[in-house]
Amino acid sequence: MTPRDGSAPPPDGGGKKLTAADFLGPVLRSHIQRVRAEARRVVATSAQGEGVEPDVEAVHDFRVALRRLRTLLKPARRVYGKKRLRPIADGLRELARATGALRDEEVLRETLTALELDGAPRAAVDAWLAERSRAEREARARIVELLRGEEPGGAGAPRASGEARRGPPRLEPHLARLERRVARKEAKRRRAEALARRAIERALEDVRALAASDPGDGAAMHALRIRFKRLRYSAETFSPLLGERAGRAARSAQRMQRRLGDLHDVDEALAEMRGADGLSPEQRGAVVEALGAWRARLAAKAAEELAREIEALAALWPDGPRGA
């Protein structure tokens with residue numbers, strides 16, 4: 001069985017006899033290559049010249065590939081060593097944060113463009129977005145520099161010294177370091193299936209800890225969305241070892257990830273538009289009102305679906321993965 005994320009399947013022999021290193025090694029290498037490929041795509045589609053729209057999905061797909069790799073590093077610490085992997089995980093997390101500004105700009109534009117508005121408020125938002133596009137271009141340029149491995153300001157820019165030199169890490173050194181670690185023969189001997197069960201168990205516990213949160217609490221819903229992401233990516237990765245139940249858990253988590261993602265996008269747009277310059281109080285009020293109504297509809301759907309998906313997950317794993 002091939003994981004849904006496209007990573008390499010486990011070697012022949014079955015999950016019962018497979019070591020965690022035998023399973024994780026090929027999967028990690030596949031994820032590393034996917035991150036590299038998506039980084040090249042961001043660079044290539046962001047530098048096509050004036051008047052050419054960049055591929056708006058490129059940054060999103062890069063961040064997904066990076067998140068999948070980062071999710072897998074959590075169980076991998078039990079195989080390759082926590083101290084060895086922590087600096088890599090920290091560096092990749094900082095890089096994810098650095099790319100977040102650009103993705104936030106892209107999502108804000110998409111959300112406000114899709115918002116149902118008429119007349120003066122619609123015209124005002126379109127003008128505001130056109131002015132805002134400069135921030136998106138600047139954020140994209142910074143990300144391209146990072147992914148190319150350049151110093152901020154271009155390849156020929158002088159290198160800073162001291163504290164000013166510190167900033168978002170470059171991608172390739174962390175990927176290369178992880179590759180070297182995976183290639184070494186010092187991995188701890190653990191059963192692949194036991195590692196898979198523990199990873200799913202931890203992800204389920206994290207989801208359940210926030211499942212009762214108020215849908216009106218934007219911060220809690222965003223945190224829950226991240227936990228559903230981890231559950232999804234963990235279940236997809238380990239489905240070759242744990243079977244169809246893991247696949248069903250992944251699909252359940254994916255549905256909630258998308259629903260809570262829509263909610264978060266509107267929350268972020270609300271935060272921006274409440275203090276947006278360039279709109280009259282009446283225009284700003286109309287936009288905030290429309291976003292608030294949209295959020296209320298999304299929150300109601302999220303609450304209904306959350307209850308259903310938590311029940312479905314409990315039925316899939318009544319005693320946790322260890323009891324399967």
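One is the number of the first residue; the rest follow in order along the sequence.
Distance alone, capped at 3.5 Å, places no donor-acceptor pair between the Arg122 side chain and the Glu116 backbone. At least one donor-acceptor pair closer than 3.5 Å links the side chain of Arg227 to the backbone N or O of Asp206. The main-chain N or O of Pro26 is never found under 3.5 Å from a side-chain atom of Ser30 such that the two would form a donor-acceptor pair. Side-chain atoms of Ser213 come within 3.5 Å of backbone atoms of Leu210 as a donor-acceptor pair (strictly under, hydrogens ignored). Side chain of Ser252 to main chain of Arg248: no donor-acceptor pair is present (N/O by atom type, distance under 3.5 Å, no hydrogens or angles). Formation of a donor-acceptor pair under 3.5 Å by the Arg63 side chain with backbone atoms of Ala96 is found in this model. Not one N or O on the side chain of Arg191 forms a donor-acceptor pair closer than 3.5 Å with the backbone of Leu18. Using modelled atom types, no side-chain atom of Trp294 and backbone atom of Glu289 make a donor-acceptor pair closer than 3.5 Å. Arg190 contributes no side-chain N or O that, together with a main-chain N or O of Ala20, makes up a donor-acceptor pair within less than 3.5 Å. For the pair Arg284 (side chain) and Leu279 (backbone), a donor-acceptor distance under 3.5 Å is present.
A salt bridge links Arg132 with Glu272; the closest basic N to acidic carboxylate O contact falls under 4.0 Å. With respect to Glu236 and Arg232, a salt bridge is recorded, a charged nitrogen being found less than 4.0 Å from a carboxylate O. A salt bridge does not link Arg142 with Glu145: every distance from a Lys NZ or Arg NE/NH1/NH2 to an Asp or Glu carboxylate oxygen is 4.0 Å or more. The pair Glu305-Lys301 does not count as a salt bridge, with every side-chain nitrogen at least 4.0 angstrom from each carboxylate oxygen. A salt bridge links Arg103 with Glu106: the distance from a Lys NZ or Arg NE/NH1/NH2 to an Asp or Glu carboxylate oxygen falls below 4.0 Å. Salt-bridge check for Arg251 with Glu244: passed, with a basic side-chain N closer than 4.0 Å to an acidic carboxylate O.
The two residues Ile143 and Ala98 make their nearest non-hydrogen contact at CD1-O, 3.2 Å. Here the closest heavy-atom approach between residue Ala76 and residue Leu28 is recorded as CB-CD1, 4.4 Å. Summarising the geometry of Gly218 relative to Asp267, their closest heavy-atom pair is CA-OD2, 3.6 Å, with the distance given to 0.1 Å. For Leu73 against Leu85, the heavy-atom pair with the smallest separation is O-CD1, 4.1 Å. When all heavy atoms of Leu102 and Val59 are compared, the closest pair comes out as CD2-CG2, 3.4 Å. The minimum heavy-atom distance between Ala199 and Pro75, with the atom names listed, is CB-CB, 4.2 Å.
Looking at heavy atoms from C-beta onward, His60 lies in side-chain contact with Glu57 at the 4.5 angstrom threshold. Within the 4.5 Å cutoff, the side chain of Arg68 has no heavy atoms near those of the Arg34 side chain. Inter-residue side-chain proximity for Thr113 and Leu129 is flagged as met; some heavy-atom pair is nearer than 4.5 Å. Contact annotation: the side chain of Arg109 never approaches that of Ser133 to less than 4.5 Å [non-hydrogen atoms, C-beta and beyond]. Here the side chains of Val287 and Trp128 are not in contact, with every heavy-atom distance at 4.5 Å or above. Put simply, the side chain of Arg230 does not reach to within 4.5 Å of the side chain of Arg202, judged on heavy atoms. Using a 4.5 Å heavy-atom threshold, the side chains of Leu171 and Leu175 count as touching. A 4.5 Å side-chain heavy-atom check between Arg67 and Tyr233 finds at least one atom pair inside the cut-off.
One distance of note links NZ of Lys229 with CZ of Arg258; it measures 12.5 Å at 0.5 Å rounding. To the nearest 0.5 angstrom, Leu24 atom CG is 5.5 Å from Phe238 atom CZ. Atom CE of residue Met221 and atom CZ of residue Phe228 lie 9.0 Å apart, to the nearest 0.5 angstrom. To the nearest 0.5 angstrom, Glu268 atom CD is 10.5 Å from Leu263 atom CG. Atom CG of Leu242 and atom CG of Leu316 lie 12.0 Å apart (nearest 0.5 Å). To the nearest 0.5 Å, atom CG of residue Leu178 and atom CZ of residue Arg29 are 10.0 Å apart.
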Take Glu94 and Arg97 through the salt bridge (Lys or Arg N to Asp or Glu O under 4.0 Å) test and state the conclusion after the steps.
CA-CA 5 Å; Glu94 289 303 311; Arg97 289 175 178 170; 2.8 Å; yes
Does the pair His31 and Leu72 meet the rule for a side chain to side chain contact (heavy atoms under 4.5 Å, CB included), with working shown?
CA-CA 9 Å; His31 279 300; Leu72 194 54; 3.5 Å; yes
Intermediate values then yes/no, side chain to side chain contact (heavy atoms under 4.5 Å, CB included), Arg140 and Glu105:
CA-CA 10 Å; Arg140 185 175 299 279; Glu105 290 294 330; over 6 Å; no
Could you go through the salt bridge (Lys or Arg N to Asp or Glu O under 4.0 Å) check for Glu205 and Arg208 one step at a time?
CA-CA 5 Å; Glu205 288 174 352; Arg208 288 166 177 158; over 6 Å; no
Stepwise side chain to side chain contact (heavy atoms under 4.5 Å, CB included) test for Thr19 and Val79
CA-CA 10 Å; Thr19 69; Val79 179; over 6 Å; no
Begin with the C-alpha distance, continue with both residues' side-chain angles, and end with the deciding distance and a verdict on side chain to side chain contact (heavy atoms under 4.5 Å, CB included) for Leu112 and Leu117.
CA-CA 9 Å; Leu112 292 178; Leu117 289 170; over 6 Å; no
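Within 6.0 Å of the CG atom in Asp118, the count of heavy atoms belonging to other residues, nucleotides or ligands does not exceed 12. Heavy-atom neighbours of Arg184 CZ from other residues, nucleotides or ligands within 6.0 Å: at or below the threshold of 12. Within a 6.0 Å radius of CD in Glu131, other residues, nucleotides and ligands contribute 12 heavy atoms or fewer.
The closest side-chain donor-acceptor pair between Arg225 and Gln257, if any, does not fall under 3.5 angstrom. A side-chain donor from one of Gln33 and Glu179 sits under 3.5 Å from a side-chain acceptor of the other.
Checking Val42, Leu95, Val43 one by one against Leu146, the side-chain contact (heavy atoms from CB on, under 4.5 Å) holds for a single residue, Leu95. Of the listed residues (Thr71, Leu204, Ile226), just one forms a side-chain contact (heavy atoms from CB on, under 4.5 Å) with Leu231, and that residue is Leu204.
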